[in-house]
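Quick notes on the structure that follows.
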Amino acid sequence: MEPVIGPAWAHNVRLLAIDADGEQIAVDIYGGENGIVGTVVYTPEAGDAYRDTLLTLLFWKERGTPLTYVCREGVASLRDEQAAFAAAMGGEASDPSA
């Protein structure tokens, strides 16, 4: 993958694999309009934050949730925009941590 300069995003990204070692959570992603493939690494705080992040990622992977990949200034994240929109409109969120 080419280095990204400036903000970048891709819609309809899916989770392929999750590797959690107790400190970091590496998430292999694929899909989107341009067929991206890559890895997003999370380093949440230990304890509840780590557990919540891992459970959310596992939930998204199991359900095949279409996500939005966002990268800005070298910081990448994944977001369930459909759940965020549904929650904002008073519907149910598909994110277990919401």
Side-chain angles (χ1 to χ4, degrees):
M1 203 149 86
E2 292 292 319
V4 176
I5 299 173
W9 61 89
H11 299 284
N12 297 316
V13 172
R14 301 294 202 283
L15 304 185
L16 179 63
I18 299 171
D19 181 31
D21 68 7
E23 292 182 20
Q24 295 184 330
I25 305 169
V27 183
D28 293 336
I29 61 172
Y30 71 98
E33 304 85 24
N34 299 323
I36 67 168
V37 175
T39 302
V40 175
V41 178
Y42 288 87
T43 53
E45 297 287 325
D48 289 345
Y50 185 92
R51 180 186 51 85
D52 291 348
T53 300
L54 181 57
L55 289 175
T56 298
L57 293 166
L58 290 169
F59 177 81
W60 287 343
K61 180 180 180 291
E62 181 180 304
R63 292 197 57 190
T65 302
L67 303 170
T68 299
Y69 165 83
V70 179
C71 184
R72 182 174 180 169
E73 297 179 9
V75 178
S77 65
L78 298 167
R79 181 167 174 81
D80 182 351
E81 288 188 345
Q82 291 176 353
F85 180 76
M89 299 305 292
E92 289 189 30
S94 66
D95 181 343
S97 65

Between Pro66 and Arg14, what is the shortest heavy-atom contact and its length?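 Closest approach of Pro66 to Arg14, heavy atoms only: CB-NH1, 3.4 Å.
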Pairs flagged by salt bridge (Lys or Arg N to Asp or Glu O under 4.0 Å) wherever residues 39-50 is involved - sequence neighbours left out: Asp48-Arg51
In the structure I gave you, are the side-chain heavy atoms of Leu15 and Leu78 within less than 4.5 Å of one another anywhere?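 Yes - at least one pair of side-chain heavy atoms lies under 4.5 Å apart.
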To the closest 0.5 Å, what do you measure between [atom1] ([X]) and [atom2] ([Y])?
| X | Y | atom1 | atom2 | result |
| --- | --- | --- | --- | --- |
| Asn12 | Ile36 | CG | CD1 | 10.5 Å |
| Tyr50 | Thr43 | OH | OG1 | 10.5 Å |
| Lys61 | Thr56 | NZ | OG1 | 15.0 Å |

Could you work out, with side chain to side chain donor-acceptor pair (under 3.5 Å) as the rule, every residue matching Thr68, not counting sequence neighbours? His11, Glu81
May I have the list of side-chain donor-acceptor pairs in residues 16-30 shorter than 3.5 Å, sequence neighbours left out?
{"residue": "Asp21", "atom": "OD1", "partner": "Glu23", "partner atom": "N", "Å": "2.8"}
{"residue": "Asp21", "atom": "OD1", "partner": "Gln24", "partner atom": "N", "Å": "2.7"}
{"residue": "Asp28", "atom": "OD1", "partner": "Thr39", "partner atom": "OG1", "Å": "2.8"}

